[in-house]
Amino acid sequence: MVHRRIAAVSADVSLEEQARRLTGADGARDSDVWVRSLRPWDGYFAVVWAVTLAVVLGAAQPSWPLRAVAASIVALNLPWYVLVGRPAMLDDTGDEGAARRYVVGAMLLFLPTAVLVNETQLVTFALAPQCFMLLRLRGALWVLGIMGAVPFAGWTLLWRPSLGEGVFRLLLAVATFAFSAFLGQWTMRIIAQSRDRAALIAELEAGREEIARLSAAHGALAERERMSREIHDTLAQGFTSLLMLSQAVESELEHDLPQARRHVALMTRTARENLAEARALVAGGSPADLAGTSLADALERLAGRHTAQTGAPARLTVNGGVRPLPTAYEVVALRACQEALANTRKHAGPSVPVTVLLAYAPDALTLSVQDEGCGFDARAPREGYGLDGVRARAEEAGGSAEVRSAPGSGTSLTVTLPLSPAALRRST
């Protein structure tokens, strides 16, 4: 019942359960602070009742028999709390009847004794917190008002005190009500703020989980795109080369056996290189062409393979001092050159010369691949993944990729990669 009374302030049971999970209670019913602290409350209530009994028995007025009767009734509060009140506080079924029964019974035990012996009002310090735990705020305030007004009125009518004593008792009753009401409302506001914070924490936790899920999905998508680019730039191009060479061998077997054998040797070499690329891809390392060598040497080998496969001259020119760069930059340049040469083989036409320019500047790396083929309209929609993949790689490295072409004017692909001082320091 404590759960339900306090949850009425926040008016959201689902958020309450989320807040409980955030406290690490594993869904246990006693996850809230006020329920986890019920045993200290038990001790507090017991002390209040014990002190009230001692004060009542030791009071100067009224007579001993009346004080004994009042003390006996006060003592009945303890078993009433143990048998009815505490189970009502632990009840999480939403049954308000048990809470009301306990409060009504406690009032029936309290009011007569408070009329007989005014010192019995000390029990208010035990009953007031219980009212706020079991009842809604308005109901608890009404009960506190009755607990203050009825004993004072009954005691005044029964014992006819002097004016001074009556005023003192009235002020005491008002002060007790004001203190209890203030403390109760303040506690309820704290609980309401705690509930709001718990709801906010639950929302933030849900948001964090959603961000983690989206981040994982984004990471998986990015990895998928990376693998797609790697497969396209390595294995797919290698298989395309194998297919072209096998077609050449098939046409040369009848009339040019030496050339067919040369192409078979190229097929074997290409297959081995493709296998090495596949192993590097699985291992997650740098491309096989860059293993233990410089970018300029890797591009020189690419140009040589292009010439061997097509018979068209491919010339590499290097400007600036060749120096090691971060692997990410060298991979972008290598893959861009592979894509440009593959497009030349497929689209530019047979025996088209190709020029590859690699320029090392102090703050940038530039790769340019230009052919003298038939060209195309660079603004027209096109199919394929290659050039878009080159652009994506360059942008991920902070650079850019530009394609220039026109029908009959050849094609050039230029990739520019700015080199930050931090990247240059990492490479040294």
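Here the structure is a predicted model, which means the values were calculated and not measured. This chain uses plain numbering: 1 for the first residue, then up along the sequence.
In this structure, R101 has no salt bridge (Lys or Arg N to Asp or Glu O under 4.0 Å) partners at least two apart in sequence or on a different chain. V167 is linked by a side-chain contact (heavy atoms from CB on, under 4.5 Å) to L163, L171, counting only residues two or more places apart in sequence or in another chain. Listed by chain and residue number, L111, I146 satisfy the side-chain contact (heavy atoms from CB on, under 4.5 Å) test with V150 (two or more places apart in sequence, or in another chain). Annotation: side-chain contact (heavy atoms from CB on, under 4.5 Å) contacts of T293 (sequence neighbours excluded): D297, R301. With sequence neighbours left out, the side chain to side chain donor-acceptor pair (under 3.5 Å) criterion links E402 to R404. Every ring pair (Phe, Tyr, Trp, His ring centres under 6.0 Å) that F45 has, sequence neighbours left out, goes to W41, Y81. Residues that satisfy the salt bridge (Lys or Arg N to Asp or Glu O under 4.0 Å) test with R208, not counting sequence neighbours, are E205. Residues that satisfy the side-chain contact (heavy atoms from CB on, under 4.5 Å) test with P112, not counting sequence neighbours, are absent from this structure. Scanning for ring pair (Phe, Tyr, Trp, His ring centres under 6.0 Å) contacts around F110 gives an empty result, with sequence neighbours left out. With sequence neighbours left out, the salt bridge (Lys or Arg N to Asp or Glu O under 4.0 Å) criterion links E209 to no other residue.
Of all heavy-atom pairs spanning C337 and L299, the tightest one is CB-CD2, 3.7 Å.
A salt bridge (charged side-chain N to carboxylate O under 4.0 Å, His left out) check over residues 110-134, counting only residues at least two apart or in different chains, returns the pairs E119-R169.
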For residues 65-80, run the donor-acceptor check on the side chains, cut-off 3.5 Å, and write out each pair with its distance to 0.1 Å, sequence neighbours left out.
unit_1 : atom_1 : unit_2 : atom_2 : d
R67    : NE     : A59    : O      : 3.3
R67    : NE     : P62    : O      : 2.9
R67    : NH1    : L57    : O      : 2.6
R67    : NH1    : A59    : O      : 3.2
S72    : OG     : A68    : O      : 2.9
N77    : ND2    : V74    : O      : 3.1
W80    : NE1    : Y102   : O      : 3.0

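One distance of note links CG of L134 with CZ of R100; it measures 11.0 Å at 0.5 Å rounding.
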